[in-house]
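Read through the structure below, which is laid out as structure tokens, and then see the notes.
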Amino acid sequence: MFPTPIEKQSQGAQIAYKTMLPIALLMWLGPLLAVALFSIKPEADFVNANYWGMPSTFEGAANYGKVFFGSDMPRYLLNSFLITVPTVIGAVALSSMTGFALGVYKFRANLWIFFMFVAGNFVPFQILMVPVRDLTLELGLYNTKTGLVLFHIAFQTGFCTLFMRNFIRALPFELIEAARVEGVAEWKIFWYVVLPLMKPALAALAVLIFTFIWNDYFWAVVLTQGIESQPVTAGITSFNAQFRAAYHLMSAGSIVAALPPVAMFFLMQKHFIAGLTLGAVK
Amino acid sequence: MADAVLTQTADKESWFHRNQQAIAPWLFLAPGILFFAVYVIAPVFQSFNLSLYEWDGLGQAEYVGLRNYEDLYWEFADRDAFYTSMKNNVIWLLMYLLAIPAGLFIALFLNQTVRGIRLYKSLFFFPFVISQVVVGLVFTWFYDPTFGLLNAMLGFVGMGPLNVMGNEHLVTYGIIFAGLWPQTAYCMILYLTGLNAVDPEQIEAGRLDGAKGLRMLWYIILPQLRPATFIAFVVTIIGSLRSFDLISIMTGGGPFGSSRVLAYYMFEVALSEYGFRMGYGAAIAVVLFLIMMCFITYFLWSMYREERGR
């Protein structure tokens with residue numbers, strides 16, 4: 001193991017390391033902890049310039065209550081879910097098929113199609129912006145969740161295909177060959193042989209895409225504008241405009257907006273990290 | 001008659017059956033390629049085309065040839081908005097790369113087996129999971145001249161208040177610093193995974209040969225972390241050129257447009273209240289696309305060599 005395990009070092013080094021850890025963490029998360037502190041303070045503390053002291057009264061319940069019951073935040077959260085969940089399903093469904101096709105079959109265009117997906121995944125959003133916005137307008141889907149979902153599915157298919165194809169490549173190919181010798185139809189091989197083996201990849205992709213889409217801001221701004229369709233990333237700016245200078249509420253709102261992907265990460269940590277670091281190890 | 005139909009369908013089935021392995025991949029690919037072509041591939045070409053027109057998004061588009069690009073050139077030569085955005089893009093690109101050594105440093109710090117280390121690793125990774133919008137808000141408040149944590153700390157050591165977001169020389173660095181926070185977390189997790197897979201026998205062999213500390217890191221560990229480093233480079237470079245959310249949330253390109261980058265400037269030109277100059281915006285997007293294409297080609301080339309190597 002590198003660096004040398006701390007247990008093999010002197011007592012002093014061990015104690016130093018164990019005191020450094022929490023201090024480093026506090027510094028690392030400092031800006032976020034500050035916001036968390038703001039979110040439980042009463043408004044009076046900001047008026048009296050008591051920014052960094054203890055809250056004069058604990059107002060966490062009141063502040064978060066205001067976010068949930070006195071603002072549009074629940075609506076934005078709901079929109080985010082209604083955009084994120086269908087995108088996850090759609091992108092994972094499409095890419096398990098493309099990944100299967102590119103991972104299992106040998107044909108001349110294979111690598112080129114694969115590279116098309118990979119390259120498209122890295123393209124700057126701005127070069128897609130005007131045409132995609134026009135297309136969405138023409139389809140009558142501007143400012144709808146459907147319009148946003150369709151684009152997200154298409155774009156995420158690039159990354160998901162890269163992921164699925166590499167995962168399928170690593171599966172034992174003999175399984176597929178054995179099924180073919182038995183005369184099993186290709187779509188049955190996909191459904192009954194390969195798909196069950198892809199469960200870890202499906203889970204990893206689902207959490208990753210959930211986080212990516214939940215955190216999307218650019219396309220939310222480009223393709224939606226009102227409360228009926230905006231996700232929480234875009235909605236938080238209206239929220240902040242509504243509560244201008246009410247830092248205790250803006251802080252609470254930010255924390256609420258950030259929470260779902262964080263919860264997802266802690267629940268599915270293993271899959272999440274497996275997904276993010278695919279390819280980081282040979 | 002009935003017989004003929006029967007043999008014909010039998011023929012058809014057997015034709016499909018015989019060619020199943022050639023047809024099947026295309027059937028599996030069709031929906032994905034269709035979506036991708038409509039929403040990603042075609043728009044790239046449409047944007048190239050659009051950059052030759054002047055269009056406000058509603059009326060008739062007017063063909064102007066390369067005039068949009070000429071305007072960009074003059075904006076560059078006169079050190080206008082386009083020059084500032086390009087310059088900031090270069091700063092972003094270079095500064096963002098700091099996430100890679102920083103991520104490696106934290107990964108080395110956390111690659112231990114003391115109690116509770118798993119929770120520490122998760123919490124260090126935390127910034128990557130929250131959205132850039134929230135990161136932007138958090139850091140806007142961090143820099144705030146009246147109540148921000150930064151100025152509270154500066155005040156503690158007796159230094160005057162510093163308005164990072166209002167200073168046109170500091171603002172880009174301030175935003176990049178905020179961006180480095182989640183990006184470093186990402187690089188850290190890549191390296192932690194990589195370190196997990198480092199061959200312990202090679203480390204032992206290195207120790208026997210007297211390699212320690214930095215020499216061990218440089219000659220034995222880093223070569224084994226090559227795949228992680230490659231991915232860290234890819235995501236960091238792409239991430240730096242895509243920077244939009246933080247700028248939009250933290251400054252809106254200000255003060256006086258000094259924190260714009262190409263991605264943000266394009267949006268401003270094409271879709272904000274400053275006017276709907278779609279063609280001009282498309283020209284900016286094409287420039288950004290060509291810059292990114294250099295990197296994408298290199299990444300694909302590396303992947304291609306590896307595929308061949310198998």
Side-chain angles (χ1 to χ4, degrees), chain A residues 1-3 5-6 18 21 25 28-32 34-35 51-52 94-95 97-98 100-101 105 107 111 113 115 117-120 122-124 126-128 130-132 151 153-155 157-158 161 186 211 215 217-218 222 233 236 254 257-258 261-262 265 269 273 276-277 279-282, chain B residues 20 24-25 28-29 31-32 35-36 39-41 43-44 46-47 50 108 112-114 120 122-124 129-134 137-139 141-142 147 149 152 189-190 193-195 197-198 200 203 221 227-228 231 238 241-242 244-245 263 266 270 278 281-282 285 288-289 292 296 300 307:
Chain A
M1 218 175 128
F2 185 84
I6 204 84
K18 280 174 188 164
L21 262 181
L25 183 68
W28 182 244
L29 294 181
L32 195 65
V35 175
Y51 301 121
W52 294 106
L94 286 187
S95 63
M97 291 196 287
T98 52
F100 176 74
Y105 299 94
F107 53 101
L111 204 56
I113 294 176
F115 280 173
F117 280 117
V118 178
F122 289 138
V123 148
Q126 281 69 22
I127 197 141
L128 311 177
V130 177
V132 166
F151 171 77
I153 290 179
F155 192 81
T157 300
T161 301
E186 296 294 317
T211 315
N215 290 341
Y217 173 69
F218 181 77
V222 171
T233 43
I236 189 125
S254 304
V262 170
F265 166 66
Q269 211 181 112
I273 290 174
L276 267 187
T277 55
V281 174
K282 282 280 152 56
Chain B
Q20 198 182 6
F28 281 114
L29 280 171
F35 261 72
F36 208 67
Y39 272 107
V40 182
I41 305 299
V44 171
Q46 285 167 318
S47 278
L50 185 63
L108 290 171
Q112 293 289 351
T113 45
V114 297
Y120 274 107
S122 309
L123 288 172
F124 267 89
V129 187
I130 57 186
S131 79
Q132 299 243 316
V133 173
V134 176
L137 289 170
V138 165
F139 272 85
W141 297 330
F142 176 75
F147 63 82
L149 184 57
I189 209 80
L190 287 171
T193 312
L195 282 171
V198 164
I203 297 180
I221 307 297
I231 298 184
I238 298 291
L241 290 172
R242 271 200 181 151
F244 173 90
D245 299 7
M266 184 277 167
M278 300 285 183
L288 180 62
F289 176 78
M292 268 175 135
I296 296 172
L300 287 180
E307 289 288 326

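Throughout, protein chains are lettered first and strands after them, A, B, ... in sequence-line order, and every chain is numbered starting at 1.
Closest heavy-atom contact between A/G120 and B/F36: CA-CZ, 3.7 Å. Closest approach of B/L195 to A/F2, counting heavy atoms only: CD2-O, 4.1 Å. The nearest pair of heavy atoms linking B/G32 to A/T98 is CA-CG2, 3.9 Å. Heavy atoms only, all atoms of each residue included: B/L149 and A/P31 are closest at CD2-N, 4.2 Å.
The contact between B/L123 and chain A is made by backbone and side chain atoms together, counting heavy-atom distances below 4.5 Å. If you measure heavy-atom distances from A/I127 to chain B, the contacts under 4.5 Å come from both the backbone and the side chain. The contact between B/I296 and chain A is made entirely by side chain atoms (from C-beta outward), counting heavy-atom distances below 4.5 Å. For B/L50, the part lying under 4.5 angstrom from a heavy atom of chain A is the side chain only. Both the backbone and the side chain of A/V123 come within contact range of chain B, judged by heavy atoms closer than 4.5 Å. When heavy atoms are compared at a cutoff of 4.5 Å, B/F147 approaches chain A by way of both its backbone and its side chain. With a 4.5 Å cut-off on non-hydrogen atoms, A/Q269 touches chain B through its side chain but not through its backbone. Residue A/S254 touches chain B through both its backbone and its side chain, counting heavy-atom pairs closer than 4.5 Å. Interface residue B/I203: only side-chain heavy atoms are found under 4.5 Å from chain A. Of the atoms belonging to B/A263, heavy atoms from both backbone and side chain fall under 4.5 Å from chain A. For a residue to count as touching a neighbouring chain, one of its non-hydrogen atoms must lie under 4.5 Å from one of that chain's; by this rule A/F107 touches chain B with the side chain only. Contact annotation for A/I273: only side-chain heavy atoms (C-beta onward) come within less than 4.5 Å of a heavy atom of chain B. At a 4.5 Å heavy-atom cutoff, the contact between B/I221 and chain A is made by side-chain atoms alone.
Heavy-atom pairs under 4.5 Å with chain B peak, among A/S95, A/A257, A/G158, at A/G158. Heavy-atom pairs under 4.5 Å with chain A were tallied for B/R242, B/M292, B/Q20, B/M266; the largest tally goes to B/R242. Of all the listed residues (B/F289, B/W141, B/F139), the one sharing the greatest number of non-hydrogen pairs under 4.5 Å with chain A is B/W141. Ranking B/I41, B/V198, B/L137 against chain A, the residue ahead of the rest is B/L137, based on heavy-atom pairs under 4.5 Å. Taking chain B as the reference chain and counting heavy-atom pairs below 4.5 Å, the highest number among A/P5, A/G30, A/P131 is found for A/P131. Comparing B/G194, B/P200, B/P31, B/G281 by heavy-atom pairs within less than 4.5 Å of chain A, the highest count is held by B/P31.
Legend: residues meeting ring-ring contact (aromatic ring centres under 6.0 Å, His included) with B/Y39, ordered by chain and number and at least two apart, are A/F151. Scanning for ring-ring contact (aromatic ring centres under 6.0 Å, His included) contacts around A/F100 gives A/Y105, A/F190, B/F28, with sequence neighbours left out.
Just one of A/I113, A/T161, A/L94 meets the side-chain contact (heavy atoms from CB on, under 4.5 Å) condition when paired with B/L29; it is A/I113.
Side-chain atoms of A/L21 and B/V114, non-hydrogen and from C-beta on, do get closer than 4.5 Å to each other.
In terms of modelled atom types and a separation under 3.5 Å, the side chain of A/Q126 and the main chain of B/A285 share no donor-acceptor contact. One N or O on the side chain of B/Q112 and one on the backbone of A/I6 form a donor-acceptor pair closer than 3.5 Å. Under the 3.5 Å distance criterion, the side-chain polar atoms of A/N215 are matched with a main-chain donor or acceptor of B/V129.
To the nearest 0.5 Å, the span separating CD1 on B/I231 from OG1 on A/T277 amounts to 8.0 Å.
Ring geometry, A/F218 versus B/F244: the interplanar angle exceeds 60°, so the pair is classed perpendicular (tilted spans 30 to 60°).
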